[in-house]
Amino acid sequence: MNSNKKGLNTICTHVGELEDKQHKGAVSPLYMSTSYAYEDVDVKRYPRYFNTPNQEGLCKKVAALEHAESALIFGSGMAAVSTALLAFLNAGDHVVLQQTLYGGTYNLVNEEFSKYGIQYSFTEGWHADAFEAQIKENTKVIYIETPSNPLLTITDLEAVAALAKKHGIITLIDNTFASPVNQNPIDFGIDVVIHSATKYMGGHSDICAGAVASTAENIERIFHLAKNFGGSLSDYTVWLLERSMKTMGIRVRAQNENALEMAYFLDELIDIEKVYYPGLPSHPEYDLAKKQMKGFGGMLSFELKENLDSSKFQKALNLIKPSMSLAGVESTVISPTQTSHALMSAEVRAEQGIADGLIRFSVGIEEAEDLKEDILQAIALIK
Ligand SMILES: *Cc1c(COP(=O)(O)O)cnc(C)c1O
């Protein structure tokens with residue numbers, strides 16, 4: 001089955017599956033070959049050419065989920081980010097990037113781009129005019145992330161896409177936080193969609209992978225660089241990821257539901273200063289989120305009141321674990337001040353609105369009542 005006209009969970013379960021013609025097994029067979037015949041065949045297959053049977057199957061699923069013509073699967077989210085960005089940037093070109101970026105992408109740009117002769121600017125804020133302000137004559141790419149990390153700001157997909165089209169610029173989005181379940185940027189005119197499949201696509205904190213979806217023409221262009229950089233994913237992990245994605249729709253929808261409930265719950269607590277979640281009507285871009293997202297996602301952030309210590313709070317949690325990553329079926333928290341934003345000065349953090357007591361919460365699929373109880377007992381313990 002490879003129609004992308006089907007509903008979400010049907011695509012998750014069936015699109016791109018490989019038929020077991022020999023034994024009629026229920027799941028896709030796994031082809032681990034790194035060596036394939038070259039005579040009398042249509043396709044010259046090789047893992048680093050991104051075209052083994054399992055890779056091709058999974059690419060169809062990802063493309064269908066993102067309403068794209070084509071897709072590629074990578075060995076990590078950063079392999080997908082770096083290959084996609086560099087496929088559209090040559091020496092002398094300029095890229096405009098959203099200010100609030102995933103730390104790894106920020107490092108890629110700051111540590112590597114100058115040696116390729118690629119110029120870059122970061123926006124001040126995330127509104128469309130902040131992007132317009134940075135556009136130069138040689139700007140080739142606009143790169144966005146929405147919802148953003150860690151404050152869950154929402155960038156207007158349609159406005160940024162329209163702005164880019166006016167200037168003949170290609171748009172790339174890191175759609176990891178939303179997942180294809182909650183947001184399909186191509187429907188709003190964005191050109192290239194990138195995922196860290198380590199997060200919601202994998203969903204069980206046991207796979208590191210990446211994905212890119214776009215038109216066949218753009219994917220062909222990215223593929224030319226990808227085969228030279230060599231960031232392909234092992235077929236065994238491709239097969240595991242395909243299995244994980246069968247339940248992505250039901251997992252992420254459960255996470256949406258839990259996150260919304262937790263956002264309302266936290267918003268009411270007197271020990272919480274502030275809650276950042278695009279599904280709360282008090283979020284400044286709530287209407288925009290409603291327009292461009294199908295669900296508000298499983299990520300939220302909250303600020304503890306100043307008298308509560310965020311390290312002690314994390315240690316006091318029993319069920320919810322402090323963790324570097326996100327988007328698994330298990331709930332986790334992280335302190336941006338202690339981790340992703342530790343290298344920033346306190347002033348820059350304050351400027352960006354990242355308080356010391358900020359906790360980013362990746363809401364899992366546990367019962368919301370148990371998550372609430374864990375938070376209440378942790379606060380009581382440290383007060
Ligand atoms: C994790 C993450 C990445 C990088 O993905 P890896 O699989 O760790 O390479 C990129 N963007 C976002 C938003 C992420 O959360």
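Counting convention: from 1, in listed order, for ligands and their atoms alike. Numbers for residues simply follow the sequence, beginning at 1.
Backbone and side-chain nitrogen or oxygen atoms of M78 are examined, and one is located within less than 3.5 angstrom of a nitrogen or oxygen of ligand 1. Distances between N or O atoms of C208 and those of ligand 1 include no value under 3.5 Å. Here's the thing with S196: one of its N/O atoms is less than 3.5 angstrom from an N/O atom of ligand 1. Remark: ligand 1 and T198 share an N or O pair separated by less than 3.5 Å (distance only, no angle test).
Of the residues listed (E145, E285, Q98), the one engaging W126 in a side chain to side chain donor-acceptor pair (under 3.5 Å) is E285, and it is the only one.
Heavy-atom distances between N149 and ligand 1 stay at or above 4.0 Å for every pair. At least one heavy atom of A209 sits under 4.0 Å from some atom of ligand 1.
Nearest to atom 12 (C) of ligand 1 by heavy atom, out of N175, D174, T105, is D174.
Aromatic rings from Y264 and Y277 are positioned such that their centres are separated by 6.0 Å or more. Between F177 and Y102, the gap from one ring centroid to the other reaches at least 6.0 Å.
Remark: minimum distance from atom 8 (O) of ligand 1 to any protein heavy atom is reached at Y102 OH, 3.9 Å.
For the atom pair CG (D374) and CG (N318), the distance works out to 5.0 Å, reported to the nearest 0.5 Å.
Electrostatic pairing of K291 and E158 counts as a salt bridge here, judged by a charged N lying under 4.0 Å from a carboxylate O. Of the charged side-chain nitrogens involved, none lies within less than 4.0 Å of a carboxylate oxygen, so that K321 and E330 do not count as a salt-bridged pair.
Every atom of ligand 1 with a heavy atom of S76 under 4.0 Å away is listed here by number and element: 7 (O), 9 (O). Every atom of ligand 1 is numbered from 1 in the order shown, and the set under 4.0 Å from a heavy atom of K199 is 1 (C), 2 (C), 3 (C), 14 (C), 15 (O). Counting atoms of ligand 1 from 1 in the listed order, those under 4.0 Å from a heavy atom of G77 are 5 (O), 6 (P), 7 (O), 9 (O).
The shortest side-chain heavy-atom distance between M245 and L65 falls under the 4.5 Å cut-off.
A donor atom on one side chain and an acceptor atom on the other are found under 3.5 Å apart for T139 and H94.
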